[in-house]
Structure formats: structure tokens, C-alpha cells
Amino acid sequence: MWKETDPSIKNLFPERKGSKTLCGIFGGSFNPIHNGHVALAKEILRKVGLDEVWFLVSPQNPLKPQGTLLDDDLRLEMVRLALSYESQLVASDYEFGLPRPSYTYDTLRQLSADYPQHCFVLLIGADNWHLFGEWRNGSEILANYPIVIYPREGYAINALSLPPAVRLVDTPLYNISSTALRRMIAEGKDISRHVPSRVATFIVQNHLYR
């Protein structure tokens, strides 16, 4: 695993100036967002030395079925509610205005053009790293953007085999998933300990996932 004593990922940005914002891009459906998402982002922010983490709510993931995907604006609102007290975690609808399906490389290129004062780092799980060979323009992402991989149960990563601009960060495993939460809600079970309180209230008030 990547240790605290290893060089900071900031060393991957030789052109970075003091005024640049080092920003992690944490994309996902967040269907719904849960405490594991928030805790993971805070852990990566601290260990990597990021200034911010942007939660990019994806309107369409090319590698996932869309049948259970809740309305874009509802998922975005839940992310906003979950992050309302987290000054360094940002809810973003940036991909809502991009062509669909949204591909990560296109998103990163457009972000770099629109926010030249930011340096962007892609945050992905070990499961997605195993699929990275299937990603559109994956080699271009590797050539232009650092990647931080966080562990996922059942997906081993050999840190010594990673490309130069890729790091494996040692974070806890959060054994809760949005899929499991949707199932719990449909079965009438209480999910209040798994999601921020404002999100739990929003789900109940809007009769979501039933």
C-alpha cells in the first residue's frame, strides 16, 4: 500500500503553482450517496493532500445498466445534502451539461479547459482499475492525469506494478453499497445509520426507491 511517508502526490504536478487548487474527481451514480462515500473522500483528501474533492454525479455510466438509476436532480440533491457541512467536499452537476454517455477522459479535458486554476486527480476504486483497459481513451487519461486508487474488497492491486502517475492509497473498506441500500429501502428496512441524516429524511419524504 501507499504509505504516509511516501512522496506526496503533489510531486506529480511539477507545474503546480501556489495558487493552483489540487482537486480530486470522485465520479459516481451516488444512487444514493451513503456514509461510506463521504468517509472515503475525507480519508483520501487527508492522505493524498488534496485541497478539494468534487463528487461528480454521473448522468449515465457507460459500463452500468440504467434501469435502477434515479433522476439526475434527485441524486444531485442528495449529494448536496450529504456534503452540506463539508467545506472541502463539493457536489457537482458538471457532467449534466456534457454529451451523453459521459466518458471520463472527455470530462477531465473539459474540466481542465474550464478550470485552468485547478490540477485534477482522478479517484477510482480498485474494481474500476481492473476494468481500466476497457475505458475509452484510458491511455490518454494515464498520460495526462494522475490517478489515485482506493481499495475495494476482492480486488487486489500490486502497487509495484502501477504506472508512474498512479498511486494506491491505503483507506478503510466501507462495507455498504448503494445497491444494498436500495434493496433495504424496498424491503422497508431502516437505513438511517448508513446515510447522512438529511439524506435519510429526503428519501423518506420523497418516497424514493420504493
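- Annotation: H37 is not in aromatic contact with F55 [ring centroid separation under 6.0 Å not met].
- Checking N128 against Y155 by side-chain atom types alone, no donor-acceptor pair falls below 3.5 Å.
- Heavy-atom minimum distance, T107 versus S102: OG1-CB, 4.5 Å.
- A distance-only check finds no donor-acceptor pair linking the side chain of D51 to the backbone of C23 [under 3.5 Å].
- Once rounded to the nearest 0.5 Å, the distance linking OG1 of T104 with CD of E140 reads 12.5 Å.
- How far OH of Y150 is from CH2 of W129: 14.0 Å, rounded to the nearest 0.5 Å.
- Here L45 contributes atom CG and F26 contributes atom CZ; the two are 12.0 Å apart, rounded to the nearest 0.5 Å.
- When all heavy atoms of N31 and L69 are compared, the closest pair comes out as ND2-CA, 3.6 Å.
- When all heavy atoms of A165 and L142 are compared, the pair lying nearest together is CB-O, 4.3 Å.
- Residues passing the side-chain hydrogen bond (donor to acceptor under 3.5 Å, both in side chains) test with S192, sequence neighbours excluded: D190.
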Give every donor-acceptor pair under 3.5 Å between a side-chain atom in residues 116-123 and any protein atom, sequence neighbours left out.
none

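- In this structure a side-chain-to-backbone donor-acceptor pair under 3.5 Å is present from S84 to L81.
- In the hydrophobic clustering of ILVMFWY residues, with side-chain heavy atoms under 4.5 Å counting as a link, I203 and L74 come out together.
- N35 places none of its side-chain heavy atoms less than 4.5 Å from the side chain of Y174.
- Without hydrogens or angle criteria, H194 side chain to S178 main chain gives no donor-acceptor distance under 3.5 Å.
- Separation of atoms CZ (R152) and OG (S177) is listed at 8.5 Å; rounding is to 0.5 Å.
- In this structure, the separation between CG on L111 and CG on L98 is 7.5 Å, given to the nearest 0.5 Å.
- There is no side-chain donor-acceptor pair under 3.5 Å between Y115 and T21.
- D72 pairs by the side-chain hydrogen bond (donor to acceptor under 3.5 Å, both in side chains) definition with R75, R100, not counting sequence neighbours.
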